[in-house]
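Predicted model, so just to flag it, every value in this text is computed and none were measured.
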Amino acid sequence: HVPLEESGGDLVQTGESLRLSCKTAPDTLKYHSVAWFRQAPGRAREGVACLSVSTGSKYLAESVRVRFTVSGDNAENLMYLQMSDLRPDDTGVYFCARGVHRWCGSAGLRTSDFGAWGPGTQVTVSS
């Protein structure tokens, strides 16, 4: 049983858009926050976006705030990350993660606040 599984990663060109999906276990979105992190080679894992369906809270990192949106479908157990105007520095493995809390923090995402992780999906943005 895989609690989280990402899909939608691809090789795209600068300026293009991409939508990532995260399939969760039933009721995950109902009881947990769910977030997207990304990790570029040689860099630490970075929190990108978070969604809490139960509390209505959302978080987007400043670097993506005007280009990415996060949404969820609790009935389908799916969470989405819509990415537009992609840049080469958006390249990395994108992970979906289930929060230990219901809410999304407003001051950034810490990996220690997320207890289950998907295997990741690769996003590569060419210049």
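Taking both residues in full, the closest heavy atoms of R102 and K30 are given as NH1-O, 3.5 Å, listed atom of the first, atom of the second, then distance. For the residue pair S84 and R67, the shortest heavy atom distance occurs at OG-O, 2.7 Å. The two residues T55 and S52 make their nearest non-hydrogen contact at OG1-OG, 2.6 Å.
Checked options V48, L81, L86; the residue passing with V64 is V48 (criterion: side-chain contact (heavy atoms from CB on, under 4.5 Å)). The side-chain contact (heavy atoms from CB on, under 4.5 Å) test with V123 is passed by exactly one of V93, D10, L20: L20.
We find the CZ-CD distance between R38 and E46 to be 4.5 Å, quoted to the nearest 0.5 Å. Of the inter-residue distances, the one linking L18 atom CG with E16 atom CD reads 9.0 Å to the nearest 0.5 angstrom. From L29, atom CG reaches atom OG of S71 across 10.0 Å, with rounding to the nearest 0.5 Å. Put simply, OG1 on T14 and CG on D85 are 9.0 Å apart, with the number rounded to the nearest 0.5 Å. Separation of atoms CD (Q122) and CD (E6) is listed at 12.0 Å; rounding is to 0.5 Å. Atom CD in Q13 sits 9.5 Å away from atom OG in S127 (nearest 0.5 Å).
Within the 3.5 Å criterion, the main-chain N or O of T91 finds no donor-acceptor partner in the side chain of T124. Under a 3.5 Å cut-off, the side chain of S33 and the backbone N or O of H101 do form a donor-acceptor pair.
Scored by the side-chain contact (heavy atoms from CB on, under 4.5 Å) test, R43 finds A40 as partners (sequence neighbours excluded).
Y80 and Y59 are assigned to two separate hydrophobic clusters, defined by single-linkage of ILVMFWY side chains at heavy-atom distances under 4.5 Å. L109 and M79 fall into different hydrophobic clusters, where Ile, Leu, Val, Met, Phe, Trp and Tyr side chains are chained together by heavy-atom contacts under 4.5 Å. No single ILVMFWY cluster, assembled from side-chain heavy atoms under 4.5 Å apart, contains both F95 and M83. Grouping the Ile, Leu, Val, Met, Phe, Trp and Tyr side chains by contacts below 4.5 angstrom, directly or via other members, places L60 with L51.
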Evaluate T28 against N77 for side chain to side chain contact (heavy atoms under 4.5 Å, CB included), listing each step before the verdict.
CA-CA 7 Å; T28 294; N77 303 308; over 6 Å; no
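Applying the disulfide bond (SG atoms under 2.5 Å apart) rule to pairs touching residues 73-127 yields C22-C96, C50-C104, sequence neighbours excluded.
Looking only at atom types and distance, the side chain of E5 has no donor-acceptor partner in the side chain of S7 under 3.5 Å away.
Two rings, from F37 and F114, have their centers less than 6.0 Å apart. Not less than 6.0 angstrom separates the ring centroid of F68 from the ring centroid of W36.
Residues H32 and W103 are not in side-chain contact: their nearest non-hydrogen atoms beyond the backbone lie 4.5 Å or more apart. Looking only at side-chain heavy atoms (C-beta outward), R98 and T24 stay at 4.5 Å or farther from each other.
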